[in-house]
Q: 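Quick one: structure below, then a few questions.
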Number of protein chains: 2
Amino acid sequence: MTDTQAPRQRRPLTLRDVSEASGVSEMTVSRVLRNRGDVSQATRERVQEAAKRLGYVPNKIAGALASQRVNLVAVIIPSMKNMVFPEVMTGISETLESGPLQPVVGITHYKPEREEAVLYEMLSWRPSGVIIAGLEHSDAARAMLANAGIPIVEIMDTDGEPVDSVVGISHRRAGIEMAQQISGAGYKKIAFLGTKMPLDHRARKRFEGLTNALAKEGLEISDQEFYSGGSALEKGREMTEAVLKRTPDIDFLYYSNDMIAAGGLLYCLDNGIDVPGQVGIAGFNGIELLDGIKPQIATMDACRREVGAKAAEIIAKCTEAGQSFAGKRIELEPRLTIGQTLLR
Amino acid sequence: MTDTQAPRQRRPLTLRDVSEASGVSEMTVSRVLRNRGDVSQATRERVQEAAKRLGYVPNKIAGALASQRVNLVAVIIPSMKNMVFPEVMTGISETLESGPLQPVVGITHYKPEREEAVLYEMLSWRPSGVIIAGLEHSDAARAMLANAGIPIVEIMDTDGEPVDSVVGISHRRAGIEMAQQISGAGYKKIAFLGTKMPLDHRARKRFEGLTNALAKEGLEISDQEFYSGGSALEKGREMTEAVLKRTPDIDFLYYSNDMIAAGGLLYCLDNGIDVPGQVGIAGFNGIELLDGIKPQIATMDACRREVGAKAAEIIAKCTEAGQSFAGKRIELEPRLTIGQTLLR
DNA sequence: ATGAAAGCGCTAACAA
DNA sequence: TTGTTAGCGCTTTCAT
């Protein structure tokens with residue numbers, strides 16, 4: 001166990017300390033530590049040895065100020081409470097890891113005023129780019145994004161006008177496609193169960209897509225049930241029970257996410273309700289966690305990881321090229337899984 | 001794809017711009033924007049108006065360098081791929097939100113060398129504190145932590161010597177307590193199913209606690225099965241099938257997390273295996289998501305949210321008090337849930 | 001209550 | 001290949 005015995009100093013070490021310890025100018029030390037410019041092998045080694053011996057850790061704050069380059073990407077998402085955004089984060093992290101950029105996360109709790117505050121906070125670090133969930137922002141937030149002078153990628157949703165770039169799926173289309181599956185399978189009495197939607201724009205758009213498409217087939221939503229907070233699996237059970245008791249002839253349950261759909265499925269199985277014969281079920285998200293549930297739930301994959309990866313890629317490319325705007329529009333195809341809870 | 005006409009590549013606004021626009025010195029503008037010092041109401045309003053009109057966003061990089069204060073907390077965790085760390089993050093975020101501190105996350109993928117790199121990276125931002133998962137770090141990482149001159153909180157695990165503070169549960173004790181439940185219920189042929197453990201120190205400690213405690217009762221682990229990657233629910237099924245086929249007289253399945261335990265439970269239910277009569281099942285984590293599964297799985301809560309909250313609190317208090325060391329040790333009590341998959 | 005001057009620790013640009 | 005000189009945009013300190 002070779003301990004590098006750095007003294008427990010109060011004042012953090014600076015380049016000057018390394019410079020003095022190695023007898024080389026600060027500038028050359030800086031060059032060595034960043035692998036920049038031509039430095040002789042001998043000098044390089046002396047500097048590296050000194051830095052390591054002292055336990056020097058560079059100060060990025062100073063470096064960023066001097067170079068006008070901040071290798072941070074602001075990531076602004078509504079929540080960490082279900083797997084959706086952690087998965088997006090995973091895609092972002094994995095993509096950025098190969099380069100110099102690092103993600104910094106801000107959570108909005110689905111509140112526009114929090115989003116505004118978090119965005120302001122983030123922008124004050126002068127990040128190299130912003131990845132932000134959704135296309136709906138307050139006017140002030142949009143203004144900040146538009147004037148930040150850095151690439152902005154709005155993610156998850158493509159139904160609307162982005163400030164700069166957008167990566168995601170069309171939730172309207174997702175709702176429409178599911179409606180086609182449902183009506184195509186012959187279901188007639190359809191219920192929608194989901195989160196309270198005033199601020200969950202993506203769930204709202206799926207709902208709108210669904211109802212519009214059903215309307216074209218002469219069908220309409222026969223019952224609805226909403227929740228907020230609590231254990232999703234448990235809420236799925238409760239809401240399903242409420243709907244089926246209130247409207248016993250319901251023959252299809254469309255949930256706004258897979259977790260509540262799984263709760264609903266478990267409720268049906270427990271109560272001897274035949275799925276998909278008597279009642280069909282579909283969710284949304286393609287949560288990998290649930291792949292093991294039998295019967296497999298019909299769902300659509302929101303491509304969360306890929307969304308994160310593509311968004312990060314846009315920022316990384318812009319940063320490399322020194323551009324402050326990308327103007328890309330990437331609409332991914334949500335993969336439909338029929339599973340065994342929807343007749344075909 | 002409509003291109004917005006926003007003026008790109010503008011030089012970001014500085015205090016000087018606001019100063020000129022409001023006819024007040026930079027210093028006074030700075031005071032207004034930070035609510036520091038005495039500034040007349042009239043000046044204050046003029047400055048705020050100008051800042052808002054121009055859309056000025058302060059530069060924290062410069063502010064941090066000048067003030068030697070960086071309101072960031074480095075959070076270093078292994079992964080975002082299951083709900084454990086996002087929940088810890090939620091606890092941290094919620095606690096920090098009321099103050100000036102902001103979390104910055106680094107992911108290690110359970111790799112010591114990544115941990116070292118991420119830590120170095122993080123420390124170079126000169127954060128106000130570090131929250132890092134686990135007590136096992138490379139010598140270099142420990143040295144960096146010890147010499148950083150800021151409060152360090154190691155989280156999730158209390159079985160070992162922290163650099164500074166520690167908040168978590170004892171995984172050894174968690175294993176021991178579960179062993180007592182298992183043997184107390186009369187199970188004799190016990191299998192362990194979990195992640196490959198070389199680097200998952202916490203799962204390893206639970207395993208050790210379990211085997212030691214079982215040994216005292218004259219019992220030992222009769223079979224083991226490990227996995228890595230993939231859908232946890234699915235893996236739970238597969239591993240369970242493998243174990244039960246290989247060792248048909250197994251009467252208890254102890255899983256290293258609730259998700260694979262749920263997969264195992266579903267496998268048993270599908271195959272007409274009586275739980276908990278024929279085979280008992282227990283997991284670990286108290287994943288709220290799974291509360292809706294019936295029968296409810298026996299598990300122990302790792303207090304993830306609370307761990308995050310307490311850790312953040314320690315950093316916040318230290319920062320407020322200007323201290324660089326806390327030396328706190330907070331061992332939380334994992335709550336045991338017997339559920340209906342373990343006889344009593 | 002307000003302002004002027006002097007850095008914070010580093011890097012860009014140029015000089016030697 | 002190495003060193004010198006000016007800042008980066010803000011806050012600290014001290015003067016007014």
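Each chain gets a letter, A, B and so on, in the order its sequence line appears, and its residues count up from 1.
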Q: For the CD1 atom of Ile76(B) and the CZ atom of Arg114(B), what is their distance to the nearest 0.5 Å?
A: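 Those atoms lie 10.5 Å apart.
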Q: Can you name the one residue among Ile92(B), Leu72(B), Thr319(B), Thr95(B) that meets side chain to side chain contact (heavy atoms under 4.5 Å, CB included) with Leu101(B)?
A: Thr319(B)
Q: Answer with base, sugar-phosphate or nothing: what part of the nucleic acid does Arg69(A) contact at a heavy-atom distance below 4.0 Å?
A: sugar-phosphate
Q: Just the rounded figure in Å: distance from C1' of dC10(C) to CG of Asp17(A).
A: 13 Å
Q: Could you please name the option among dT2(C), dT11(C), dT2(D) that lies closest to any side-chain atom of Val39(A)?
A: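 Comparing dT2(C), dT11(C), dT2(D) against the side chain of Val39(A), the answer is dT2(D).
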Q: Let me check the geometry of the helix from dA1(C)-dT16(D) to dA16(C)-dT1(D). What is the bend angle between the axes at its two ends, five pairs each, to 10°?
A: 30°
Q: Working to the nearest 0.5 Å, report the span between CD1 of Ile150(A) and CG of Leu123(A).
A: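 That separation rounds to 5.5 Å.
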Q: Any side-chain to backbone donor/acceptor pair from Arg329(A) onto Thr158(A)? Under 3.5 Å, distance only.
A: yes
Q: Measure CZ/Arg46(B) against C1'/dA1(C) and give the value in whole Å, please.
A: 13 Å
Q: Can any side-chain N or O of Ser79(A) pair as donor or acceptor with the backbone N or O of His109(A) at less than 3.5 Å?
A: no
Q: Does the distance from a Lys or Arg side-chain N to an Asp or Glu carboxylate O, for Lys111(A) and Glu115(A), drop under 4.0 Å?
A: no
Q: Under 4.0 Å from OP1 or OP2 of dT2(D): is there any side-chain N or O of Ser25(A) that close?
A: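 Looking at the OP1 and OP2 atoms of dT2(D), neither is under 4.0 Å from any side-chain N or O of Ser25(A).
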Q: Please report, rounded to the nearest Å, how far the P atom of dC10(D) is from the CH2 atom of Trp125(A).
A: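 Whole-Å distance recorded here is 13 Å.
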Q: Please tabulate the protein-to-nucleotide N/O contacts below 3.5 Å involving nucleotides 5-9 of chain D, giving atom names and distances.
A:
residue: dC8(D); atom: O3'; partner: Gln68(A); partner atom: NE2; Å: 3.1
residue: dC8(D); atom: O2; partner: Leu65(A); partner atom: O; Å: 3.4
residue: dC8(D); atom: O2; partner: Ala66(A); partner atom: N; Å: 3.1
residue: dG9(D); atom: OP1; partner: Gln68(A); partner atom: NE2; Å: 3.3
residue: dG9(D); atom: N2; partner: Ala62(B); partner atom: O; Å: 3.3

Q: Between Leu33(A) (CG) and dG9(C) (C1'), how many Å, whole number?
A: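 Rounded to the whole Å, the gap is 13 Å.
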Q: Using a 3.5 Å distance criterion without hydrogens, assess whether the side chain of Arg46(B) forms a donor-acceptor pair with backbone atoms of Ser22(B).
A: yes
Q: dA4(C) C1' sits how many Å from Arg16(B) CZ, rounded?
A: 12 Å
Q: Send over the distance from Asn71(A) CG to dT11(C) P, rounded to a whole Å.
A: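 About 12 Å, once rounded to whole Å.
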Q: Which residue pairs pass the salt bridge (Lys or Arg N to Asp or Glu O under 4.0 Å) test when at least one of the two sits in residues 54-72 of chain A, sequence neighbours left out?
A: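 Sorted pair list: Lys60(A)-Glu121(B).
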Q: Does Arg34(B) make a side-chain N or O approach to OP1 or OP2 of dT11(D) shorter than 4.0 Å?
A: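 It does, given that an N or O in the side chain of Arg34(B) lies less than 4.0 Å from OP1 or OP2 of dT11(D).
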Q: Should Thr28(A) be listed as having a side-chain N or O under 4.0 Å from OP1 or OP2 of dT1(D)?
A: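 Checking dT1(D) against Thr28(A), no side-chain N or O comes under 4.0 Å of OP1 or OP2.
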Q: Would you indicate, yes or no, if dT2(C) has its OP1 or OP2 atom less than 4.0 angstrom from a side-chain nitrogen or oxygen of Thr43(B)?
A: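 For dT2(C), OP1 or OP2 has a side-chain N or O of Thr43(B) closer than 4.0 Å.
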Q: Under 3.5 Å, is there a donor on one side chain and an acceptor on the other for Ser40(B) and Thr43(B)?
A: yes
